[in-house]
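Okay, so here's the structure we're looking at.
As the structure is a computational prediction, the values presented were derived from the model and not from experiment.
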Amino acid sequence: MKIFRYSIIFLYCLTLSAFANPRYFLFPGEAIEFSSKYDQNLNIFGIVNSIKSSDNSEIGYEFKLLDRSNSVTVIYDSYLPELFGPGIPAVISGKFKNDIFVATTILLEFSSDFFPEAALNELKSYGVMIEN
C-alpha cells in the first residue's frame, strides 16, 4: 500500500512539472534579489546597454543589462558575439561577484517557445519581437 501511495505522489509531481511553464532566466531586478540570498550560477535576461572595453582585460568588455526598472553591470572576458550591441535582448549566464555579474556565456538568438508571457511582454514594451 505504501508503494502505491508513493507512486501516486511521484506521478502527481511529475505531471505538475511537465505542465509547468519553466523559466530559464531572471530579470535584472530579480537577479539582484536572488543573488543576495543564493550563491550560484544563473541566467539573466535583459536589454544590452552601454558597452565599453573592460579596463582589467585585453579582450574583456563591461556592459549594462537592463529591464524597465533595474540594471546589472556585467563583465565578460571574451569576444562578444557578432550581433551583440545596444538595444539587443540577451540571456547572460554567469555568477555575481559582489555587485558585478561575471558572465560566462552570452545567448542572443532564441525562440519565443522558451519565454514566459511576462518576458515577451517586456520585449514588446521595448519594441523587440521574438519569433519562433
Side-chain angles (χ1 to χ4, degrees):
M1 188 67 180
K2 274 187 171 180
I3 293 174
F4 179 73
R5 283 187 205 162
Y6 288 123
S7 298
I8 295 296
I9 292 170
F10 174 76
L11 289 174
Y12 177 74
C13 292
L14 186 64
T15 304
L16 284 179
S17 65
F19 292 107
N21 187 7
R23 250 178 94 180
Y24 299 105
F25 57 83
L26 300 171
F27 290 112
E30 295 170 324
I32 293 166
E33 183 179 330
F34 182 87
S35 71
S36 67
K37 297 177 184 174
Y38 307 102
D39 182 32
Q40 66 184 47
N41 288 328
L42 61 136
N43 299 326
I44 303 176
F45 170 78
I47 304 296
V48 176
N49 191 10
S50 72
I51 305 165
K52 65 180 183 175
S53 294
S54 178
D55 298 331
N56 301 331
S57 174
E58 291 181 16
I59 59 169
Y61 295 90
E62 182 178 319
F63 57 92
K64 298 277 188 189
L65 200 61
L66 311 170
D67 62 14
R68 281 288 178 204
S69 57
N70 294 289
S71 69
V72 171
T73 301
V74 180
I75 292 178
Y76 185 61
D77 284 332
S78 189
Y79 296 102
L80 294 173
E82 187 176 314
L83 299 174
F84 192 85
I88 299 295
V91 175
I92 311 295
S93 298
K95 192 172 185 177
F96 275 97
K97 186 175 183 179
N98 300 321
D99 292 337
I100 306 293
F101 191 74
V102 180
T104 55
T105 307
I106 296 176
L107 179 65
L108 298 178
E109 295 183 21
F110 24 75
S111 168
S112 65
D113 294 338
F114 299 104
F115 282 83
E117 196 65 33
L120 292 173
N121 291 337
E122 180 85 11
L123 282 171
K124 288 177 188 174
S125 72
Y126 285 97
V128 176
M129 300 297 290
I130 301 292
E131 298 189 18
N132 290 338

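In this structure, CD on Glu82 lies 10.5 Å from CG on Leu108, to the nearest 0.5 angstrom. One finds the CG atom of Leu80 at 12.0 Å from the CD1 atom of Ile88 (value rounded to the nearest 0.5 Å). Rounded to the nearest 0.5 Å, atoms CG (Leu107) and CZ (Phe84) are 11.5 Å apart. Ile92 contributes atom CD1, which lies 4.5 Å from atom CD1 of Ile106 (distance to the nearest 0.5 angstrom). From Ser53, atom OG reaches atom OH of Tyr61 across 5.0 Å, with rounding to the nearest 0.5 Å. We find the CG-CD distance between Asp77 and Glu62 to be 10.5 Å, quoted to the nearest 0.5 Å.
When all heavy atoms of Pro86 and Ile51 are compared, the closest pair comes out as CD-CD1, 3.7 Å. Considering all non-hydrogen atoms of both residues, Val48 and Ala90 come closest at CG2-CB, 3.9 Å. Residues Asn70 and Gly29 approach most closely at ND2-CA, 3.3 Å, considering heavy atoms. Taking all atoms of both residues into account, the shortest heavy-atom contact from Ile32 to Ser71 is CD1-O, 3.8 Å. The minimum heavy-atom distance between Phe45 and Pro28, with the atom names listed, is O-CD, 3.1 Å.
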Would Asp99 and Thr73 count as a side chain to side chain contact (heavy atoms under 4.5 Å, CB included) if you check the C-alpha gap in whole Å, the side-chain angles of each, and the deciding distance to 0.1 Å? CA-CA 8 Å; Asp99 292 337; Thr73 301; over 6 Å; no
Apply side chain to side chain contact (heavy atoms under 4.5 Å, CB included) to Phe34 and Phe96, showing your working. CA-CA 10 Å; Phe34 182 87; Phe96 275 97; over 6 Å; no
Apply side chain to side chain contact (heavy atoms under 4.5 Å, CB included) to Phe101 and Leu65, showing your working. CA-CA 10 Å; Phe101 191 74; Leu65 200 61; over 6 Å; no
Would you check, one step at a time, whether the test side chain to side chain contact (heavy atoms under 4.5 Å, CB included) holds for Val102 with Lys95? CA-CA 5 Å; Val102 180; Lys95 192 172 185 177; 5.7 Å; no
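Asp67 places a side-chain N or O within 3.5 Å of a backbone atom of Ser69 that can act as its donor or acceptor partner. At least one donor-acceptor pair under 3.5 Å links the side chain of Thr104 to the backbone N or O of Ser93.
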